[in-house]
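To start, the structure under review is shown below, and the notes come after it.
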Amino acid sequence: MLTTLEGQPVNAQGEQLPPYHPPLPDPQAAQDGSWDPFGGHIEFDFAYLTFKEAKLSERLTNAFLKLWAATLLKNGNGQSPWGNAKALGATIDKIQQGPCPWKTYTVRYKGPLPPNPPKWMTDEFNLCCQDSRILLHEQHQTMAFKEKFHISPYQQFNSEGERVFSNVMSADWAWSQAGAMFIPIVAGSDKTTVSVATGHQVFHPVYMSPGTITNIARRAHGNGILPVGFLPIPKVSKNEAKSDEFAIFSRQVYHACLARIFQPLKAGITKPELIRCPDGHLWRAFYGLGPYIADYLKQVYLAGVVSGWCPKCDAPSHDLDSKDALRRSHAKTDVLMAIFDEDVLWDDYGIQCDYQPFNYDFPPADIHELLTPDLLHQVIKGTFKDHIVTWARADVIQEDIDPVPVYPGLRRFPEGRNFEQWTGNDSKALMKVYLACIVNYVPSRMIQCLAAFLDFCYIARQNSLSGSDLIKLDDVLRQFHENRQVFIDAGVRDDISLPRQHSLVHYSWMIRLFGSPNGLCSSIMESKHIVAVKKPWRCSSRTDPLPQMLRRVTREEKLEAVCRHFSKQGMMAGDTLSYTTMELAGELPDPEGQNQGNEEDGGDLELGPVEGPKVLSSIKLSVTPARGYPRHLGPLAVHIGQPLFPAALRRFLWSELHPDSPLQAHTILVDECPTFSGSIQVHHSAVAYFYAPSDVCGAGGMYHKRIRSTPLWHNSYERRDTVFVKTDPNQTGMMGMSIGRVFLFFSFTFLEKNYSWTFVHWLERESDQSMAVISLDCIPRGAHLLPVYGPTPLPSTFYFSQTLDVFRAYFVNRYIDHHCHEFLE
Ligand SMILES: [Zn+2]
């Protein structure tokens, strides 16, 4: 159920349109079917494919243009549209759609100069940025977001009547901003490094995204989040960098540049502006500086606090998780600054006084509130990898276990990589298996501590969180805090007061304000770095690369924008050849009437609003047949090495014929069961589909996992996956399920009815029946088991494909993915 703040679209004069009025045409987007500035479909496709898709070098582009010219010359008609790559670039620059050109502003030190001033005091530094207002309008009118945006804040409730927090517009902060039409500006900045043989180069992009689009739209490839500026990075020697003057200067530069970048949006904060939305309508909307994504070091800059203190609360830096901490705010800081001198502010309140945060110019934005949670740096890399994993290992080293074990289950992790170079994805993978691997090596309280933390992490990573999820989140955080005392007791840590780990205490507050942390994580910026920084950098000449990179990014966005414009008019239907064939035959469709376009089809964005995470009802299993042939029962049993299979199948057929019998099939003598002489189709895998909106997933939140049962996986070993089997529909979670290992997926026809079945080996049941034929309908999804490794190392001859055959006991791994974590609640 949705509750929204109401509003009405308007015309270009700002007057409200009547209800259900269709969008008025945009006078700036002429729907005339013209390929301007390109000569036609062929020219546009050539530019798009060579420049944007293939990112060809100038040399190769020139070679292709010559090829084109030579072909035309030989056929004796016309010449190619461009003489060289530069001419092609000039045509792309003429595209009207897309971003405006980048501008460069110069920044320099203006304070008093000492004798022999350091170089940075006299140097000039460049800030490159786009007009943030024009960029916002460009992003906001993207039709691909039509089903993925909310022009006004809303509140969503699940079937239990609980509030659900997912997108920025679903949460309290957007709701509390007065006025119905409101566009929060989600911003973030994050340094990124490109490496070359001769060293490395650092860039500091600032990104911007409309808060009105859904989290999934923001995470998808596209223009949901774009670079709006590149901050200057003053180069100084290590000694100079340590000086107080330089530290103050770099903070001042940082804030001055951010203020410059967001300045064009300022007017729209107090006075509503007309803006075109993805639905094609014009709306009168206010802007507001919204959630800001940054890592801790930059949060310190942004919030004007002393390093080591929390940017959100005034807990002392030596006891960050103190219960007495109070939230910070601009107003409170102003009062403190009026009362105390700089030393007291620094020592007792952790406030820096030597600059004013840029947000002071953008009321009512309060940066202490706006800094978002950052799953990647605070939870995954920070608390998990840098803290818990390191501490647990330090505990083992301290215990003097010799040699220091590579935990048996982690043998594959360190291979070929250095622990220090791990990416966020490596850490996420480690999370899935870590718990089972350290059992027997560390005290059990460490295991409890880690389990509580993993639960926190998996709940926080959901795409939508209900009120009861947030209660659970706080509860597992409390357990984590209680149990982490074990690291102090074991002598691994003297204290635990770490800013990134401390930030977890603010998560449930932040989720209520801004929705799911998944939609505001710095990992979104990290993946954008590849498109906005790393790839353009590779295409540059590496000498003064930034202007070249920005030119490339602008041209690519222009090509993308003009492509959307052509698509809207139905001009991109078919391919170059089919279009040209129709063109020569005079059969092109009239561009008028096509203007709703086919752009909404396809794409990689999720459709529809994100529902609560608990919907598991749409599970189905579809079966893909193995390459090969139907088999008969007897030879098949021999083939798979399972002599019990024919009996199990016959007992199963008996239960099919006697659905109402009080007798259990496995108690019936095989001879009394029907015989089966037909052919059986064997399948080597099955696909489980489930609704898992908390995971990164495809259209509509559907997610699929393949379950395999094959004698020869990758031509090397036998692979028989494990599955959950629903055994008691009246019980929830593991109480109503067993684990089975699939020895055969098969289908056949019996008495004119089609059956899809599975032959499983029960892993949990020791008693009456170890193998059974069960219906695919009983299998909700695949299961992931981790061995109880025991205290001794694995023999070096052990190969992982034997894992499910040789251990005495297994853990059912609920951390393998989010769906499983919720599924086993
Ligand atoms: Zn805090």
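Atoms within a ligand are numbered from 1 in the order they appear, just like the ligands themselves. The shown structure was predicted, so the numbers you read here are calculated from the model rather than taken from an experiment.
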Quiz item: Could Arg251 and Tyr254 be counted as a cation-pi pair, given that NZ or CZ must be under 6.0 Å from the ring centre and within 45° of the axis?
Solution: no
Quiz item: Checking Lys298 against Tyr301: charged group under 6.0 Å from the ring centre and within 45 degrees of the axis?
Solution: yes
Practice problem: Output, by chain and residue number, all protein N/O/S atoms separated from the Zn ion (ligand 1) by less than 2.8 Å. | Solution: Cys310 SG, Cys313 SG, His502 NE2, His506 NE2
Quiz item: Could Lys385 and Tyr434 be counted as a cation-pi pair, given that NZ or CZ must be under 6.0 Å from the ring centre and within 45° of the axis?
Solution: no
Practice problem: Could you tell me whether Arg327 sits above the aromatic face of Trp509, with NZ or CZ closer than 6.0 angstrom to the six-membered ring centre and within 45 degrees of the axis? | Solution: yes
Exercise. State whether a side-chain donor-acceptor pair under 3.5 Å links Tyr292 with Ser189.
Key: yes
Practice problem: Assign the ring pair His330 / His368 to parallel, tilted or perpendicular, where the plane angle (0 to 90°) is split at 30° and 60°. | Solution: perpendicular
